[in-house]
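The structure under discussion appears below in the form of structure tokens.
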Amino acid sequence: MTFGIAPSAAASAPDPVAAAAAMPETGEQLTRMLEPSEWSAAEIPLLRNPREVVSGLYARHRPTLATVIVAVLDPEERVRASASFVRRASAVDGWVFRNALLAQLRRVIPHDLRRRTPVRTAILLYCRDGDARWTQEDGAWMWGLRDACTLHGLRCGAYITLTREGWQVLGEGRGGRRPHAVPAPEGRAGASSTGAGEDAGADGGPRRSPSDGAAPQPSAGGEASQSSAGGAASELSRRVAAR
């Protein structure tokens, strides 16, 4: 099995996924994909707790059909950074998928190319229609994930599909019924990301601050000073009345 590395200039394109629609359908494109046997032979590291990882990414990004989530895990399997975007290309091409994933990785986390051995792992969760069986599109995303990891200094990790039937780690046979894919509601945003080290709230999203629109709560000190001022005015009135 060889690692195909194409020029990375397309990674700087504004929408590398949409660029696939303009590319001609050729037999060469279909070679930029991995068969299930090739994926198994790549010795992809197993997730210790795939259900927890999938549930966490689902809670953080709330993916709908055609949403791609790429996440970077540390050696303890904690999510250090993640990003999601909507696949709009009509062509199935691992090279274009590689560029889209690489652009997202470069946006949310620094590369590890200076390390001799990768210590962080990138995984991909693809929310799509259909059943859990492998497709050529899955093979193209596998090719893209493996190549993007090579160019960003990461280990290539699991490829997970999320369908209406549930989730499945391709090549391992592990999966579950929840969470599962849902159609996109009208007006839904197409992408989101969580950078390295960003604090997350209980719902999986960034914690809210007063600048997010929540009304600031008055400080205890402010309430105490108002109470003291009111008490002093009442005492003065009583003394004037006594005179």
Side-chain angles (χ1 to χ4, degrees), residues 17-18 20 33-36 39-40 42 44-73 76-92 94 96-97 100-101 104-105 108 121-146 148-149 156-194 198 200-206:
V17 180
M33 55 177 282
L34 294 178
E35 298 284 346
W39 184 254
S40 299
I44 303 299
L46 301 178
L47 290 171
R48 294 192 294 270
N49 193 339
R51 184 183 303 275
E52 181 177 332
V53 173
V54 172
S55 298
L57 292 176
Y58 185 88
R60 181 174 299 197
H61 293 277
R62 297 293 179 183
T64 54
L65 292 177
T67 300
V68 182
I69 301 175
V70 59
V72 179
L73 311 180
E76 284 71 40
E77 217 165 83
R78 294 173 300 199
V79 176
R80 307 311 303 174
S82 63
S84 64
F85 58 97
V86 177
R87 177 213 191 298
R88 295 187 177 89
S90 59
V92 175
V96 175
F97 292 170
L101 294 173
Q104 297 294 331
L105 289 171
V108 298
T121 303
I123 64 172
L124 191 151
L125 189 150
Y126 182 34
C127 184
R128 62 169 173 78
D129 216 342
D131 56 34
R133 289 178 294 181
W134 179 90
T135 65
Q136 287 189 342
E137 184 183 16
D138 292 327
W141 280 116
M142 289 173 170
W143 192 98
L145 176 62
R146 185 194 63 179
C149 288
C156 180
Y159 176 76
I160 307 165
T161 57
L162 190 69
T163 66
R164 298 177 191 268
E165 300 175 355
W167 60 273
Q168 180 175 351
V169 184
L170 266 64
E172 298 183 20
R174 294 188 290 174
R177 293 184 178 181
R178 294 181 181 275
H180 57 81
V182 295
E186 294 184 4
R188 184 190 179 329
S192 64
S193 64
T194 303
E198 180 174 309
D203 61 350

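From a predicted model like this one, the values you see are computed outputs, not experimental measurements.
Val68 is not listed as a side-chain neighbour of Gln104, based on a closest heavy-atom distance of 4.5 Å or more. In this structure, Ile160 and Pro50 have side chains that are not in contact, with every pair of non-hydrogen atoms separated by 4.5 Å or more. In this structure the side chain of Arg60 never reaches within 4.5 angstrom of the side chain of Ile69, judged on heavy atoms. Residues Leu47 and Val54 form no side-chain contact, since every pair of their non-hydrogen atoms from C-beta on lies 4.5 Å or further apart. You'll find the side chain of Asp138 reaches within 4.5 Å of the side chain of Arg128, heavy atoms only.
Identified under the side chain to side chain donor-acceptor pair (under 3.5 Å) test for residues 160-171, with sequence neighbours left out: Asp129-Arg164.
For the atom pair CG (Leu124) and SG (Cys149), the distance works out to 9.0 Å, reported to the nearest 0.5 Å.
Considering all non-hydrogen atoms of both residues, Leu145 and Gly157 come closest at CD2-O, 3.8 Å. Contact detail for Trp39 and Ala158: the closest heavy-atom pair is CZ2-C, 4.3 Å. Shown here for Leu65 and Ala181, the closest heavy-atom pair between the two residues is CD2-CB, 3.6 Å. Nearest heavy atom pair, residue Phe97 against residue Ala91, reads CZ-O, 4.0 Å. Residues Val108 and Ala83 share a closest heavy-atom pair of CG1-CB, 4.0 Å. Nearest heavy atom pair, residue Val92 against residue Ala140, reads CG1-CB, 3.6 Å.
By the side chain to side chain donor-acceptor pair (under 3.5 Å) test, Ser55 pairs with no residue at all, sequence neighbours left out. Residues passing the ring-ring contact (aromatic ring centres under 6.0 Å, His included) test with Tyr126 are Trp141, sequence neighbours excluded. With sequence neighbours excluded, the residues forming a side-chain contact (heavy atoms from CB on, under 4.5 Å) with Arg133 are Asp131, listed by chain and number. In terms of the salt bridge (Lys or Arg N to Asp or Glu O under 4.0 Å) criterion, residue partners of Glu137 (sequence neighbours excluded) are, by chain and number, Arg87. For Glu52, the side-chain contact (heavy atoms from CB on, under 4.5 Å) partners at least two apart in sequence or on another chain are Asn49. In this structure Pro45 satisfies the side-chain contact (heavy atoms from CB on, under 4.5 Å) test together with Thr121, Arg155, sequence neighbours excluded. Among residues two or more places apart in sequence or in another chain, the side-chain contact (heavy atoms from CB on, under 4.5 Å) test is passed with Arg78 by Asp74, Glu76, Arg80.
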Problem set entry | Verdict with supporting geometry, Val70 and Ile123, side-chain contact (heavy atoms from CB on, under 4.5 Å) | CA-CA 6 Å; Val70 59; Ile123 64 172; over 6 Å; no
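Of the N and O atoms on the side chains of Thr67 and His61, not one donor lies less than 3.5 Å from an acceptor on the other residue.
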